[in-house]
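What follows is a set of notes on a single structure, which appears directly below.
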Amino acid sequence: MSTAKKGPFFLTNTLTRRKEEFVPLRPPHVGLYVCGPTVYSDVHLGNVRSFLTFDVLYRWLTFVGYKVRYVRNITDVGHLTGDVDEGEDKIARRARLEQLEPMEIVQKYTNGFHDVMRLFNILPPSIEPTATGHLIEQIAMVQRILASGFGYEANGSVYFDVPGFATKHPYGELSGRKIDELLANTRDTEGMEEKRSPLDFAIWKKADPSHLMKWPSPWGEGFPGWHLECSAMSTKYLGGTFDIHGGGMDLKFPHHECEVAQSVAADGHAPVRYWMHGNMLTVNGRKMAKSEGNGFTPEELLTGDHKLLEKGYSAMTVRFFMLQCHYASTLDFSNAAMQASEKGLERLEKAMALLPGLKPGDADGADIEALEHRCHAAMNDDLNTPVLIAELFEAVRLINSVNDSKLKLTAGALERLRSLMQAMVRDVLGFRAEAGAGGDDRMLDALVQEFIHLRAEAKARKDFATGDAIRDRLGAIGIALKDSKEGTTWERT
RNA sequence: GGUCACGUGGCCGAGUGGCUAGGCAGAGGUCUGCAAAACCUCGUACAGCGGUUCGACUCCGCUCGUGACCUCCA
């Protein structure tokens, strides 16, 4: 709608390490690719943060009017544990441990991933391609890399020749690495005899006969290298050059750096115009990671059944907690912070619930349009959700003041406030209204209203003891009564 | 060891060369029979030491501390 909404959107481009105005290649279309999960185990809260960051990006781009094709892959093969040459495929390993077919593992954890995304109200992408579903594209890309001279075959595997590539093209720009420093810092090359350089990485790996996940290729039976799938699938669905590629900070090197090199080698040009990296969720100052053992699953979060959790927290509380921090900063998980977020979200949601019932006045006590502009400006400034939330609390103050008859807003201003809050809270930040905040259940509401009448009668005859007893006993079962000039309202506690 | 970040009031966290972030907790007030909620007011935060500047929390340097990446990890 308004141009204000579409006003310049700035985001930090990892390639240049600065905020740049975002201008799509082919407006109004935007191509967005985000590295999805490797489906070999449950996602934890740190993973959620990354997907949440790009969910908000997707929501914002959509809100300002772009037609976004959002591709987020599922990695279901090729991701090895430990050392590149000696590691075992993560999914195959899990299949062995759980005594299941690899594809059963893939399905199981893909289902789990989707459940978690729904729980946190993270929208599904437009396309969710899998690596195993794109072997032909990956093999073709390996062939293009070989044709370019930057790949070589060794004993049924194909490797990317990083030093060779670096003599002709920049390598390391994205992650700020220098090839000499990388070479100087490499560890021992034990078990890497197939590679010409320790910096080289596999784009196709030979599979031994015992391997469960393998496919025929021009180089024999094998499977694709981890970095290749993203390059092949992003090219297929978004084109050789597309707008935004996102992922966690920890993927910057080597994963994304390798993607850049692969595309340049295979197709002759850089694949991505804007790279975005979300920062880590930490616990006691340390990155939450599967390997650290300091992660917890969404189920444990909801129930509070984990040694790091003092109690359970709702998915929306976590969403609020995470969005109160900028995506590019590390965020430390703590129970105190979670409890503060729980209260804050509750205050926001209470104001949202008041919104439909507000009565218009005959004056405008606040400039809603200016507030709206500040909200849009916050998001346009590199998705500054903490500043947006700060503005929303300004709106909360206005809503409560109107509700208390301390402030007047005309019908027009109220309408604008309502649509602003709906847009920012629900559409952009993606806070789903959670049931129970006062009147969703008609029968329960009718019942509580009866008690409110009884209590009002008691109070009318100055029988405060009875009135207080009604309030206290309802309070004991989780229903709080609140008196005001307009009458008594209730809510769950 | 190399590279790159970060260090903000009781807690979590934005931001800026000079002007109140916000949330939670705390204090006082208004309202109320009381309470809760709501609203109003309050805290003189920016790791330390130097430097640049009329002026720095914000720029530069050093010191200390913490973390990330360099190997799979969102």
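Below, chains carry the letters A, B, ... as their sequence lines are ordered, and counting in each starts from 1.
Distance check on atom P: B/C49 versus B/U8 gives 16 Å, rounded to whole Å. On the P atoms, B/C34 is 36 Å away from B/A21, given to the nearest whole Å. Nucleotides B/A37 and B/G48, compared at atom P, are 37 Å apart to the nearest Å. Taking atom C1' in both B/C6 and B/C46, one finds a spacing of 14 Å when rounded to whole Å. Comparing the same atom, P, in B/A56 and in B/A5 gives a spacing of 25 Å after rounding to whole Å. Separating the P atom of B/A36 from that of B/G26 is a span of 11 Å, rounded to the nearest Å. Only the P atoms considered, B/A47 is 15 Å distant from B/G15, to the nearest whole Å. With both ends at atom P, the span from B/G13 to B/G17 equals 23 Å, rounded to whole Å.
Judged as a side-chain hydrogen bond (donor to acceptor under 3.5 Å, both in side chains), the pairs with a partner in residues 276-289 of chain A (not counting sequence neighbours) are, in order, A/T14-A/H277, A/D250-A/K287, A/H256-A/H277, A/T282-A/D332.
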Original post:
Reading nucleotides 30-36 of chain B from the 5' end, what letters show protein touch, with B for base, S for backbone sugar-phosphate only, - for no heavy atom under 4.0 Å?
Top reply: ---BBBB
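A heavy atom lying under 4.0 Å from RNA chain B marks none of the residues of residues 109-118 of chain A.
In this structure, A/D463 does not pair ionically with A/K459, as no charged nitrogen and carboxylate oxygen lie closer than 4.0 Å. Residues A/D367 and A/R374 are not paired through a salt bridge, judged by the lack of any N-O separation under 4.0 Å between the basic side chain and the carboxylate. Between A/E394 and A/R397, at least one side-chain nitrogen of the basic residue sits less than 4.0 Å from a carboxylate oxygen of the acidic one, meeting the salt-bridge criterion. Between A/K311 and A/E342 a salt bridge is recorded (basic side-chain N to carboxylate O distance below 4.0 Å). No salt bridge links A/E257 with A/K252; every basic N to acidic carboxylate O contact stays at or beyond 4.0 Å. Using a cut-off of 4.0 Å between Lys/Arg side-chain N and Asp/Glu carboxylate O, A/E349 and A/R426 are scored as salt-bridged.
When the side-chain nitrogen and oxygen atoms of A/R286 are compared with OP1 and OP2 of B/A68, one or more of them lie within a distance under 4.0 Å. A sub-4.0 Å separation between OP1 or OP2 of B/G15 and a side-chain N or O of A/N384 is present. OP1 or OP2 of B/A14 has at least one side-chain nitrogen or oxygen of A/S329 nearer than 4.0 Å. The side chain of A/R397 contributes no N or O atom lying less than 4.0 Å from OP1 or OP2 of B/C39.
Among the atoms of the strands shown, base atoms are found under 4.0 Å from some heavy atom of A/M280. At the heavy-atom level, A/M288 lies under 4.0 Å from base atoms of the strands shown. Across all strands, A/G285 comes closer than 4.0 Å only to sugar-phosphate atoms, never to a base (heavy-atom distances). Within the nucleic acid shown, A/L407 has no heavy atom closer than 4.0 Å to any nucleic acid atom. Counting any heavy atom pair closer than 4.0 Å across all strands shown, A/T489 reaches no nucleic acid atom.
For the pair A/N400 and A/L182, both in contact range of RNA chain B, the more 5′-proximal nearest nucleotide belongs to A/N400. Summary of the strand contacts: A/R49 and A/F253 both lie near RNA chain B, and taking for each the nucleotide with the nearest heavy atom, the more 5' one is attributed to A/F253.
For A/D404, the listed nucleotide lying nearest its side chain is B/A38; candidates were B/C11, B/G13, B/A38. Side-chain proximity of A/S50 to B/C11, B/A74, B/U3: nearest is B/A74. Closest contact between the side chain of A/L251 and the listed nucleotides B/G13, B/C69, B/A74 involves B/A74.
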Are there any protein N/O atoms within less than 3.5 Å of an N/O atom in nucleotides 41-47 of chain B, and if so, which ones and at what distance?
none

Using a cut-off of under 3.5 Å, enumerate the N/O to N/O pairs linking the protein to nucleotides 18-23 of chain B.
| from | atom 1 | to | atom 2 | distance (Å) |
| --- | --- | --- | --- | --- |
| B/G23 | OP1 | A/R347 | NH2 | 3.3 |

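The backbone N or O of A/Y70 sits less than 3.5 Å from a side-chain atom of A/S126, completing a donor-acceptor pair. Between the side chain of A/R319 and the backbone N or O of A/F120, at least one donor-acceptor pair lies under 3.5 Å.
Cation-pi geometry between A/R177 and A/F253 is met: under 6.0 angstrom from the ring centre, within 45 degrees of the axis.
Neither side chain, A/D76 nor A/Y40, offers a donor N or O lying under 3.5 Å from an acceptor on the other.
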Original post:
Using Watson-Crick and G-U wobble pairs whose two distances are both under 3.5 Å, how do you write the pairing of RNA chain B as dot-bracket, with | for links to another strand?
Top reply: (((((((..(((.....[...))).(((((.......)))))....(((((..]....))))))))))))....
